[in-house]
Amino acid sequence: LLAVRSLARQRLPRFNAQHIANLVYAMAQLDHRDDEFLASACEELQSRWARFNDQNISNILRAFGLLAFCDPKFLQFLAKMLPARIHEFTPQGIANIAHGLALTVNDSLILSRIRSSPLPSSLPSACLRGKQKK
């Protein structure tokens, strides 16, 4: 897994949208969190936004939720950019994106990490709202 992660990080700019989404989702399925890689994936999605479809976006968000990874700048980007593209997405895609966002911003591990560290002034309030898991 470490060898794959290292190679993937180096080649990430050459991956297409589906490859990035699949790799991030696979990491979540393996419960392998690599914040540096996930941050790079966020940057790639932002720089190539038009190439990511609703399934790519929802798979990445679901993976972030499963890994308890929350990038406030990425969430701000989504809040700004999703409305302009929502007409391109299928009803299922919209539902999956909403589900992925719910997992990402409502995870209690994320909330505990956010609450235990100093809050940047730019942190979206979405990262602070969430249900506590029992």
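Note that this is a predicted model, so its numbers are computed, not measured. Residue numbers run from 1 in the order of the sequence given.
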First locate atom CD of Gln92, then atom OG of Ser58, and finally report the distance between them rounded to the nearest 0.5 Å.
-> 8.5 Å
Less than 4.5 Å apart, any side-chain heavy atom of Glu44 and any of Pro13?
-> yes
Would a 4.5 Å heavy-atom cut-off, applied to side chains only, mark Asp54 and Glu88 as touching?
-> no
Any side-chain heavy atom of Arg62 within less than 4.5 Å of one from Thr104?
-> no
Check whether any side-chain heavy atom of Ile20 sits under 4.5 Å from a side-chain heavy atom of Leu12, and report yes or no.
-> yes
With rounding to the nearest 0.5 Å, note down the distance linking CD1 in Ile60 to CZ in Phe69.
-> 11.0 Å
Residue Gln46 excluded, over 12 heavy atoms near CD under 6.0 Å = yes
So do Leu61 and Leu78 actually touch side chain to side chain, heavy atoms under 4.5 Å?
-> yes
Below 4.5 Å, heavy atoms only, C-beta onward: do Leu75 and Leu101 meet side chain to side chain?
-> yes
Give the intermediate values and the outcome of side chain to side chain contact (heavy atoms under 4.5 Å, CB included) for residues Phe89 and Asn96.
-> CA-CA 10 Å; Phe89 302 153; Asn96 290 344; over 6 Å; no
More than 12 foreign heavy atoms under 6.0 Å from CZ of Arg85: is that the case here?
-> yes
Can you tell me how far the CD atom of Gln29 sits from the CG atom of Leu66, to the nearest 0.5 Å?
-> 6.5 Å
Quick one: does Ile94's side chain get under 4.5 Å of Ile86's, heavy atoms only?
-> yes
Between the CG atom in Asn59 and the CD atom in Gln55, the distance rounded to the nearest 0.5 Å is 5.0 Å
From the list Tyr25, Phe74, Phe37, ring pair (Phe, Tyr, Trp, His ring centres under 6.0 Å) partner of Phe64 resolves to Phe74
Say you draw a straight line from NZ of Lys73 to CD of Glu43; how long is it, rounded to the nearest 0.5 Å?
-> 9.0 Å
Taking C-beta and beyond as the side chain, do Trp49 and Ile57 meet within less than 4.5 Å on heavy atoms?
-> yes
Short N-O contact, Arg33 and Asp31, less than 4.0 angstrom | no
Gap separating the CG atom of Asp71 from the CZ atom of Phe77, nearest 0.5 angstrom = 11.5 Å
With under 30° as parallel and over 60° as perpendicular, where do the rings of Phe15 and His19 fit, or are they tilted in between?
-> perpendicular
